[in-house]
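The structure appears below as structure tokens.
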There are 2 protein chains.
Amino acid sequence: MATGRTHRPATRSRGIPEATVARLPLYLRALTALSERSVPTVSSEELASAAGVNSAKLRKDFSYLGSYGTRGVGYDVEYLVYQISRELGLTQDWPVVIVGIGNLGAALANYGGFASRGFRVAALIDADPAMSGKPVAGIAVQHADELEKIISDNGVSIGVIATPAGSAQQVCERLVAAGVTSILNFAPTVLTVPDGVDVRKVDLSIELQILAFHEQRKAGEEAPPEEETAPPVAPPAATVKKRTDPGSDGDVPAVMPA
Amino acid sequence: MATGRTHRPATRSRGIPEATVARLPLYLRALTALSERSVPTVSSEELASAAGVNSAKLRKDFSYLGSYGTRGVGYDVEYLVYQISRELGLTQDWPVVIVGIGNLGAALANYGGFASRGFRVAALIDADPAMSGKPVAGIAVQHADELEKIISDNGVSIGVIATPAGSAQQVCERLVAAGVTSILNFAPTVLTVPDGVDVRKVDLSIELQILAFHEQRKAGEEAPPEEETAPPVAPPAATVKKRTDPGSDGDVPAVMPA
DNA sequence: ACCTGTGAAATCGTTCACAGCG
DNA sequence: CGCTGTGAACGATTTCACAGGT
């Protein structure tokens, strides 16, 4: 099944580049830290270094927002905090629901970084009846049956999926049907959603695999040998495959108590 | 990237584009699923759809690895699983340590997706003495004092940081000094590392902020913009600048500086 | 007929370098 | 002067479209 559409379909608006949007939260965090230290202004150089990017990129990024700096001086910290917050939509309240309260869901519920921005955890939802009513991060977990009601009662438009991979698509569909239009997916699976719904995914094992790739390359640089070990599987041999080996892998769900 | 310099300038002919590397785990997951269903071959079209990308991209990606397909037929699933695993370095064992066993660290320790690939959780480390010895995901938590010894005894080269932001840089430095050269950072802070050390970060609140940006934009497209609270901070000088809009102007949605 | 592999074109993103303003 | 804002050069990535096997 499936022609999976997973990305925002390029709206016609003359918008801010996606790469820039992805860095705004980074700038915002650096600015917030400066603000807390009552620093009045920063140069692109200083702010860039605090955010871990280079100054040309930062200036270019800001140029998409408007001309908020002062030549010869830099940027006004407070003003920029406000402008970026507004651009990101953080000046309004975003109720979110977290579905799947396993280890990861609980970690998310407890994560301070949510509440500190405009995000408010409106509800925690889990399919396990044994979880219902249990308080996690000070919020009573509700049963999945309530999902639609919770979404509409709270005007939730952002949902976080932290369920096992097997349930993710189903949960996703219910969220979307109930009105959610943005989803943050922690389950290691590709979600198929209708046009107009945004999905971002966070996959822990993918990140590790990317690191392993680079790690392997580093190791290979020291030892030049270009070995070509014989593959355990022959190239286009055309033999029908037997069952896959032991209970290896299978992309275990996104976190569940062992 | 933390400080100014990072990334290799694609010196070798062996250089696979970073964007491609980032998708290999996705392909691998889709292939593994096919393998478990004993599907012998897939076309680029089928596999692409299972992985959530388009087929041209997938073919281009695979072309960087070599010519592993058969024209008129498609790709041999088992063979491709092996080739990608090897390319990613998953045919070897990668011991990892997780530092910071709070909610998130525990979730990571329990995450099946790690063990199912070449990753093995070699140790769980926490600075809280009260945690020492406690079993999490079947592994006894060890005290941070043991960090260096654990790294070297186990030949760990990949570390996962799940500590509070305040401790992350310090932990990072100890990991690096002890020999770790790849770090997956969950703490919401920019890590500064020496050359040769890779850092990937996963920031939950950043993902939500990006969603909020798009969510806000969606809302602005339907309903006419409504002016909200006046900026709590006035622009630096009394002079309010106009927004210099690069390119055309005209159909930008709601949010804009007056 | 079908599907891969890949140059070439189009698009997107980053960096350079400097004009212009405070 | 110092620092922003930005065209223009550059580089990376995606998409097109079709040549070339099977």
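Naming: A, B, ... by sequence-line order, numbering from 1 per chain.
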Quick one: [X] [atom1] to [N] [atom2], roughly how many Å, whole number?
{"X": "A:Phe62", "N": "D:dC3", "atom1": "CZ", "atom2": "P", "value": "16 Å"}
{"X": "B:Leu80", "N": "C:dG5", "atom1": "CG", "atom2": "C1'", "value": "14 Å"}
{"X": "B:Leu47", "N": "C:dG5", "atom1": "CG", "atom2": "P", "value": "12 Å"}
{"X": "A:Lys57", "N": "C:dC16", "atom1": "NZ", "atom2": "P", "value": "11 Å"}
{"X": "A:Glu46", "N": "D:dC3", "atom1": "CD", "atom2": "P", "value": "8 Å"}
{"X": "A:Leu58", "N": "D:dC3", "atom1": "CG", "atom2": "C1'", "value": "12 Å"}
{"X": "B:Ile16", "N": "D:dT13", "atom1": "CD1", "atom2": "C1'", "value": "15 Å"}
{"X": "A:Glu45", "N": "C:dT15", "atom1": "CD", "atom2": "P", "value": "13 Å"}

#### Entry: Under 3.5 Å donor-acceptor, A:Glu173 side chain and A:Gln170 backbone
no

### Message
Could you check whether any side-chain N or O of A:Trp94 sits under 3.5 Å from a backbone N or O of A:Ser157, counting only pairs where one atom can act as donor and the other as acceptor?
### Response
no

Ignoring backbone atoms, establish whether [X] has a side-chain N or O less than 4.0 Å from OP1 or OP2 of [N].
{"X": "A:Thr70", "N": "C:dG22", "value": "no"}
{"X": "B:Asn54", "N": "D:dT14", "value": "no"}
{"X": "A:Tyr75", "N": "D:dG5", "value": "yes"}
{"X": "A:Ser43", "N": "D:dC3", "value": "no"}

#### Entry: Residue met sooner reading DNA chain C from 5', once A:Gly72 and B:Val73 are mapped to nucleotides
B:Val73

### Message
For a quick check under 3.5 Å, do B:Glu36 and B:Thr32 share a side-chain donor-acceptor pair by atom type?
### Response
no

### Query
Is the shortest heavy-atom distance from the side chain of B:Ile183 to the side chain of B:Asp198 under 4.5 Å?
no

Between the protein and nucleotides 6-11 of chain C, which nitrogen or oxygen pairs are less than 3.5 angstrom apart?
from	atom 1	to	atom 2	distance (Å)
C:dG7	N7	B:Lys60	NZ	3.3

### Heavy-atom closest contact (A:Ile161 atom, A:Ala168 atom, distance)
CD1-O, 3.9 Å

### Summary
Partner of A:Tyr68 under ring-ring contact (aromatic ring centres under 6.0 Å, His included), picked from A:Tyr75, A:Tyr79, A:Tyr27, is A:Tyr79

### Message
Once salt bridge (Lys or Arg N to Asp or Glu O under 4.0 Å) is applied, do any residues pair with A:Arg23, and if so which ones, sequence neighbours excluded?
### Response
A:Asp61

